[in-house]
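In what follows, chains carry the letters A, B, and so on, assigned in the order in which the sequence lines appear, proteins first and then strands, with residues in each chain numbered from 1. Quantities reported herein were computed from a predicted structural model and do not represent experimental measurements.
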There are 2 protein chains.
Amino acid sequence: MTPRTQTPPTGRELEHPAPEEIRLEEVLHALSDPVRLRIVRVLAVAREDLACSGFDLPVSKSTTTHHFRVLRESGLIHQCYRGTAKMSTLRRDDLERLFPGLLGSVLTAADRQAERLGG
Amino acid sequence: MTPRTQTPPTGRELEHPAPEEIRLEEVLHALSDPVRLRIVRVLAVAREDLACSGFDLPVSKSTTTHHFRVLRESGLIHQCYRGTAKMSTLRRDDLERLFPGLLGSVLTAADRQAERLGG
DNA sequence: CTCATAGTACGAGAGTCATCGTAGTTTGAC
DNA sequence: GTCAAACTACGATGACTCTCGTACTATGAG
């Protein structure tokens, strides 16, 4: 029912929630999926923004698109087009302002768990 | 399919995940439900352990049971019976050891959001 | 024993979610 | 224009989840 077909013909803009629209529950839900948590961890250590294609995820391309959309709509990442690629970055500043320390502790927790479980 | 019918006749024990079995994704998922986040917030400010009945949640009794079970099975809370009541406490120490700072930042984030949205 | 209280088990319904494949669009390179 | 690469839209499917009501069990008070 979302008007995806109304995307402008050459429009390269994507919708992002404003900071005041970001909901903690949605952020936690977005982070609770293994594939999405993995994406966020990769973005967290990346110096540059990354294209969706550079992630080597254990799911299909369409599923990858789905997960990136969930991340974007939850407010965790920002996305923009560059050529044929769709670049993603963590919305660190917005998140830190809204939920101080949250992203950092989740990333630390994920690192610990990966180490613990032999990641 | 879980063998709930094998509960001992007068057994008052409940199954809890050992610390090494607690998974970050499950914890985040447990926290991503509004009702459960509310329960956790109440437990966080309680000085004593609380009975399920003392929460005044906007859902039925059976749904309440369901949410407490999700919280317990994710490793977020510990539960034990006392008389007819089932008492719950946050597993603060276990969580802090596994995921330092995580619970605190989630609670802070929830407080901020509640204040921001007029909670 | 009787009864009220607290919680559970079970089954069901509605909704959401993760996943996929196929077909299509958009872009840049040649 | 042609082509490949990157991503999207759509529809489908199976799984999971939140919710409930009803019937049940366990405990303690009287």
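A heavy-atom distance below 4.0 Å to DNA chain C is reached by these residues of residues 53-66 of chain B, ordered by number: B:Ser53, B:Lys61, B:Ser62, B:Thr65.
Taking the nucleotide of DNA chain C with the nearest heavy atom to each of B:Arg72 and A:Gly83, the more 5' of the two is matched to B:Arg72.
Remark: A:Asp33 does not engage A:Arg38 in a salt bridge, criterion side-chain N to carboxylate O under 4.0 Å.
Distance, B:Met87 CE to C:dT5 C1': 14 Å, rounded to whole Å. To the nearest angstrom, P of D:dA6 lies 16 Å from CD of A:Gln79. Atom CG of A:Leu14 is separated from atom P of D:dC7 by 12 Å (rounded to the nearest Å). In this structure, the CG atom of B:Asp33 is 14 Å from the C1' atom of C:dG15, given to the nearest Å. Between the CZ atom of B:Phe68 and the P atom of C:dA9 there is a distance of 15 Å, rounded to whole Å. As rounded to whole Å, 13 Å separates atom P of D:dG28 from atom OH of B:Tyr81. Following rounding to the nearest Å, A:Leu50 (CG) and D:dC7 (C1') show an atom-to-atom distance of 16 Å.
B:His16 pairs by the ring-ring contact (aromatic ring centres under 6.0 Å, His included) definition with B:His78, not counting sequence neighbours.
When distances are taken from the side chain of B:Thr84 to each of D:dA6, D:dA26, C:dG7, the shortest belongs to D:dA26. Candidate nucleotides C:dG7, C:dA18, D:dC18 were compared by shortest atom distance to the side chain of A:Arg36, and C:dA18 ranks first.
Using a 4.0 Å cut-off, no side-chain N or O of A:Arg82 falls inside it from OP1 or OP2 of C:dT27. Contact between the side-chain N/O atoms of A:His67 and the OP1/OP2 oxygens of C:dC17 is not found at any separation under 4.0 Å. One finds no side-chain N or O of A:Arg69 lying less than 4.0 angstrom from the OP1 or OP2 phosphate oxygen of D:dC7.
Considering every non-hydrogen atom in both B:Leu98 and A:Arg112, the closest pair reads O-CD, 3.6 Å.
Checked by atom type, the side-chain pair A:Ser32/B:Ser32 shows no donor-acceptor distance below 3.5 Å.
Note: B:Ile22 CD1 to B:Ser74 OG = 7.5 Å, rounded to the nearest 0.5 Å.
Residue pairs meeting the salt bridge (charged side-chain N to carboxylate O under 4.0 Å, His left out) criterion with at least one member in residues 96-106 of chain B, sequence neighbours excluded, are B:Asp94-B:Arg97.
For A:Glu20, the CD atom sits in a packed shell: over 12 heavy atoms of surrounding residues, nucleotides or ligands are nearer than 6.0 Å.
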